[in-house]
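Please read the structure below before turning to the comments.
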Amino acid sequence: MTSRFVAGRTLAEGVSVLKNLSKDNMLGTLDYLGESVMNLAEAEQSRDSYMEALNRIHHENLSASVSLKLTQFGLDLSESACRENVRALVARASQIGSRVEIDMESTAYTDRTLDLVKEMQTAFPGHVRAVIQAYLFRSEADIKSLSSLNIPVRLCKGAYREPASLAFPDKADVDKNYLRLMCLLFSEGNYPAIASHDESIIQAALRHIQEQNIDPTRFEFQMLYGIRRDLQRQLVSKGFRLRLYVPYGDAWYPYFMRRLAERPANLIFLAKNAIRA
Ligand code: FDA
């Protein structure tokens with residue numbers, strides 16, 4: 001079950017998945033799994049692992065980016081150390097024509113994450129991407145501010161537990177806001193990424209793209225590795241760009257648990273397999 005969502009424990013396994021995706025005309029973004037680190041030495045190890053990933057992407061001539069979380073680079077310990085770690089990666093991404101996608105964590109980090117993305121865009125324009133969560137009330141203002149700086153945005157629904165004072169508590173409102181923000185990104189954004197497995201969201205995006213005659217090279221869809229593979233194939237067969245988020249590494253457990261929690265059917269599947277084993 002884990003291997004359905006996680007490429008493997010090593011970079012070699014992550015790269016092997018990227019190569020297979022490329023055969024299927026899909027793009028990838030590599031995520032070296034890990035969240036908050038305990039000390040700055042661990043943060044530097046994260047930076048070195050991502051540097052190795054960027055170097056492999058370059059040497060294998062893969063059309064891929066990397067995705068990372070700032071807490072993995074020491075944001076809770078030292079903002080300046082975190083900034084220097086990330087700067088080294090964005091600098092490398094700019095040398096090799098790749099991009100660093102900065103995942104969005106809980107609202108405790110939103111301002112600091114967006115500030116750092118903006119700083120990186122100023123230093124290395126075009127080599128960083130921000131993530132905006134549709135469940136947050138603030139997201140429309142954030143999209144406007146990022147778009148004015150030409151920063152590409154990945155739009156997702158949001159995966160953390162947030163208070164009702166900051167985020168829509170009801171899924172229907174999150175979905176409605178997602179569609180509103182998606183239209184805003186299509187009109188004002190720079191190369192947005194529509195990140196969702198929700199069929200009704202994808203259908204609405206396809207209708208909007210057709211109605212507004214939006215060129216398919218001006219945006220991409222994104223999905224998580226192993227989720228809704230049927231939808232993934234459909235989008236690619238229609239000629240749309242699709243990038244899969246490909247996690248790898250030893251620290252797979254929290255990521256795997258989040259994916260299980262998102263969908264009760266995954267737990268049933270897991271239980272059935274455990275009984276069979
Ligand atoms: P929804 O949750 O409504 O699911 C729609 C359908 O998708 C389900 O009915 C099911 O068919 C399928 N599905 C969804 N999750 C599944 C699962 N785990 N297993 C099997 N089927 C599943 N969040 C965040 O807070 N910060 C971030 O940086 C990112 N980054 C990110 C990158 C990419 C590429 C994606 C696709 C998603 C994220 N997310 C994220 C996660 C996101 O916020 C959200 O939690 C999940 O994508 C689930 O939301 P959906 O849009 O898929 O809709």
Side-chain angles (χ1 to χ4, degrees), residues 1-7 17 21 26-35 64-72 75 99-110 113-114 116-117 128-136 138-139 142 146 152-162 166-168 170-179 181-182 192-205 219-232 234-235 240-247 252 254-270:
M1 181 84 190
T2 321
S3 63
R4 177 169 178 164
F5 297 128
V6 177
V17 166
L21 293 182
M26 293 180 193
L27 305 163
T29 184
L30 274 183
D31 168 39
Y32 174 61
L33 289 168
E35 282 165 50
S65 60
V66 293
S67 287
L68 56 84
K69 291 181 176 47
L70 293 185
T71 53
Q72 204 180 345
L75 186 60
R99 178 176 277 153
V100 176
E101 311 203 11
I102 312 236
D103 289 351
M104 188 55 81
E105 300 174 75
S106 75
T107 41
Y109 303 105
T110 312
T113 304
L114 294 180
L116 190 137
V117 170
V128 70
R129 187 197 286 283
V131 177
I132 290 293
Q133 296 153 323
Y135 61 18
L136 295 185
R138 59 177 287 169
S139 288
D142 286 333
L146 292 163
V153 168
R154 172 201 300 160
L155 181 63
C156 66
K157 288 190 187 178
Y160 297 81
R161 199 172 289 278
E162 297 292 353
L166 298 176
F168 295 101
D170 293 336
K171 180 175 160 39
D173 292 324
V174 177
D175 291 357
K176 221 188 299 167
N177 201 39
Y178 191 108
L179 294 177
L181 297 179
M182 179 184 81
I194 307 304
S196 178
H197 319 90
D198 184 335
E199 234 167 311
S200 61
I201 298 262
I202 307 280
Q203 289 313 325
F219 65 92
E220 64 185 37
F221 287 102
Q222 292 193 349
M223 292 193 197
L224 303 178
Y225 175 66
I227 295 183
R228 290 304 308 258
R229 289 179 285 197
D230 54 337
L231 259 187
Q232 296 174 4
Q234 272 175 37
L235 285 176
F240 292 108
R241 282 188 190 165
L242 173 69
R243 187 179 304 276
L244 294 196
Y245 187 100
V246 179
W252 51 269
Y255 178 87
F256 178 64
M257 293 312 282
R258 271 207 297 278
R259 301 292 79 83
L260 285 187
E262 272 163 5
R263 193 154 158 76
N266 287 340
L267 285 170
I268 296 164
F269 185 80
L270 184 72

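Just so you know, ligand 1 is whichever comes first in the structure, and atom 1 is the first atom listed for that ligand.
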Exercise for the section: Could you tell me the separation between the CD atom of Q133 and the OG atom of S139, rounded to the nearest 0.5 Å? Expected result: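 The CD atom of Q133 sits 6.5 Å away from the OG atom of S139.
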Handout entry: atom 13 (N) of ligand 1 touched by protein heavy atom at under 4.0 Å
Key =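 True for atom 13 (N) of ligand 1.
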Handout entry: Non-hydrogen protein atom less than 4.0 angstrom from atom 4 (O) of ligand 1
Key =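 Under 4.0 Å from atom 4 (O) of ligand 1, zero protein heavy atoms found.
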Exercise for the section: Start with the C-alpha distance between Q72 and Y32, add both sets of side-chain angles, then the distance that settles side chain to side chain contact (heavy atoms under 4.5 Å, CB included), and finish with yes or no. Expected result: CA-CA 10 Å; Q72 204 180 345; Y32 174 61; 3.6 Å; yes
Check this for me - ligand 1, [X], N or O atoms closer than 3.5 angstrom, yes or no?
X	result
Q222	no
G158	yes
C156	no
Y135	no
Y245	no
Q133	yes
M104	yes

Exercise for the section: Output, in order, the C-alpha distance, side-chain angles, deciding distance and verdict of salt bridge (Lys or Arg N to Asp or Glu O under 4.0 Å) for K171 and D173. Expected result: CA-CA 5 Å; K171 180 175 160 39; D173 292 324; over 6 Å; no
Handout entry: D103 and Y245: side chain donor to acceptor below 3.5 Å
Key =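 The answer is yes; a qualifying pair exists.
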Practice task
Check each of R228, H197, K157, R259 against atom 47 (O) of ligand 1 and report the one with the nearest heavy atom.
Solution key: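 Comparing heavy atoms across R228, H197, K157, R259, the nearest one to atom 47 (O) of ligand 1 lies in H197.
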Problem - Of the listed options S196, A193, A195, closest to atom 51 (O) of ligand 1 (non-hydrogen atoms) - result: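 Going through S196, A193, A195 one by one, S196 has the nearest heavy atom to atom 51 (O) of ligand 1.
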For [atom], what is the nearest protein heavy atom, given as residue, atom name and distance?
atom	value
atom 9 (O) of ligand 1	R263 NH1, 3.9 Å
atom 35 (C) of ligand 1	L224 CD2, 3.4 Å
atom 46 (C) of ligand 1	E262 OE2, 3.7 Å

Exercise for the section: Let me know which of R243, R154, R241 forms a side chain to side chain donor-acceptor pair (under 3.5 Å) with E220. Expected result: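 With E220 as partner, R243, R154, R241 yield a single side chain to side chain donor-acceptor pair (under 3.5 Å), made by R243.
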Exercise for the section: Work out whether the distance between some heavy atom of K69 and some atom of ligand 1 is less than 4.0 Å. Expected result: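 Contact absent.
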Handout entry: Sub-4.0 Å heavy-atom contact, R243 with ligand 1
Key =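 It does not; every heavy atom stays at 4.0 Å or beyond.
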